[in-house]
Amino acid sequence: MHASRNAFVSRPSPTPRRPAVAVMLLVAASAAALATHLAVADDTFQDCRYLGPSTRMYLTAFAVPLCAVAALLVCLALNRSSRARGRRLAADLPGSLAAATVTLAPVLMLIGCVLVHWVFAPDPSGGADCSGLGPHTLPG
């Protein structure tokens, strides 16, 4: 009996699941940090007094772009390892899902950079709490 030629041909291994799931989780974490930041965005004023950004605002503002960049880097490494094995990233389900979710990362990075800028922006009321009038413009 002759063995078939195809019986000894090595097939490329599928996309590793852990990095593919890590990409999806990092994008989800970035989106969750964005939602959390928007939920706590009103922490800056209390009883018409400007308190400044809360620690939650700082943490979530930095988490959005950092998680998005991490997702892009993991997906890039996953793509390079897939190509080294002679496959495309989207050749199987985990790689396809990772490639689909990482398309949100640049948008989340851009939004995250805007959030970081807003967190470090000066007092929007101009130092006079809710009125917006400076102390030098008030009569008396």
Side-chain angles (χ1 to χ4, degrees):
M1 294 247 148
H2 292 282
S4 166
R5 285 186 189 177
N6 292 335
F8 297 107
V9 174
S10 65
R11 295 181 185 169
S13 61
T15 304
R17 288 190 180 163
R18 285 187 183 175
V21 171
V23 169
M24 293 180 267
L25 288 177
L26 284 167
V27 170
S30 182
L34 174 62
T36 304
H37 183 83
L38 295 177
V40 299
D42 59 348
D43 282 357
T44 57
F45 285 94
Q46 183 179 15
D47 296 327
C48 217
R49 295 281 178 206
Y50 182 71
L51 303 174
S54 66
T55 304
R56 294 182 293 184
M57 291 177 70
Y58 282 109
L59 290 176
T60 56
F62 279 107
V64 173
L66 289 177
C67 287
V69 167
L72 282 172
L73 292 176
V74 171
C75 192
L76 179 66
L78 185 62
N79 186 29
R80 294 185 95 189
S81 69
S82 293
R83 289 193 180 232
R85 287 180 277 124
R87 295 193 64 154
R88 288 183 20 237
L89 177 63
D92 53 1
L93 185 63
S96 298
L97 291 175
T101 56
V102 82
T103 58
L104 297 173
V107 175
L108 289 167
M109 279 186 348
L110 180 64
I111 292 171
C113 291
V114 170
L115 291 179
V116 169
H117 172 72
W118 281 343
V119 165
F120 287 103
D123 179 2
S125 65
D129 299 325
C130 294
S131 69
L133 298 174
H136 59 281
T137 60
L138 296 174

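Atoms considered below: every heavy atom in the structure, side chains included; atoms not considered: hydrogens, waters and symmetry mates.
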- Message: Would Thr60 and Val64 count as a side chain to side chain contact (heavy atoms under 4.5 Å, CB included) here? Give the steps.
- Response: CA-CA 6 Å; Thr60 56; Val64 173; 5.5 Å; no
- Message: Hydrophobic clustering (ILVMFWY, side-chain heavy atoms < 4.5 Å, transitive) - are Val107 and Leu110 grouped together?
- Response: no
- Hey, quick one: are Phe62 and Val69 part of the same hydrophobic cluster, counting side-chain heavy atoms closer than 4.5 Å, chains of contacts allowed? no
- Query: Can you name the closest pair of heavy atoms from Ala61 and Val119 and give their distance?
  - Reply: CB-CG2, 3.6 Å
- Would you say Met109 and Val23 are hydrophobically clustered, going by side-chain heavy atoms of ILVMFWY under 4.5 Å? yes
- CZ/Arg17 to CG/Asp92 distance, rounded to the nearest 0.5 angstrom? 8.5 Å
- Same cluster or not: are Val102 and Leu104 linked, directly or through other Ile, Leu, Val, Met, Phe, Trp or Tyr residues, by side-chain heavy atoms under 4.5 angstrom apart? no
- Message: Hydrophobic cluster membership, with links at side-chain heavy-atom distances under 4.5 Å among I/L/V/M/F/W/Y: are Met57 and Leu38 in one?
- Response: no
- Query: If we only count heavy atoms from C-beta on, is the Ser81 to Leu78 side-chain gap below 4.5 Å?
  - Reply: yes
- Exercise: identify the closest heavy-atom pair between Ser96 and Ala90: OG-O, 3.1 Å
- The complete set of salt bridge (Lys or Arg N to Asp or Glu O under 4.0 Å) pairs with one or both residues in residues 63-72, sequence neighbours excluded, reads none
- Task: Please identify each residue that fulfils side-chain hydrogen bond (donor to acceptor under 3.5 Å, both in side chains) with Ser54, with sequence neighbours left out.
- Result: Asp43
- Query: So how far is it from Arg83 CZ to Arg88 CZ, rounded to the nearest 0.5 Å?
  - Reply: 8.5 Å
- Query: If only atom types and distance count, is the side chain of Ser30 paired as donor or acceptor with the main-chain N or O of Leu26 below 3.5 Å?
  - Reply: no
- Message: Working to the nearest 0.5 angstrom, can you tell me the gap between Cys67 SG and Leu108 CG?
- Response: 9.5 Å
- Message: What's the separation between atom CG in Asn79 and atom CG in Leu72, rounded to the nearest 0.5 Å?
- Response: 11.5 Å
- Item | Side chains of Leu34 and Leu115 in contact at under 4.5 Å (non-hydrogen atoms) | yes
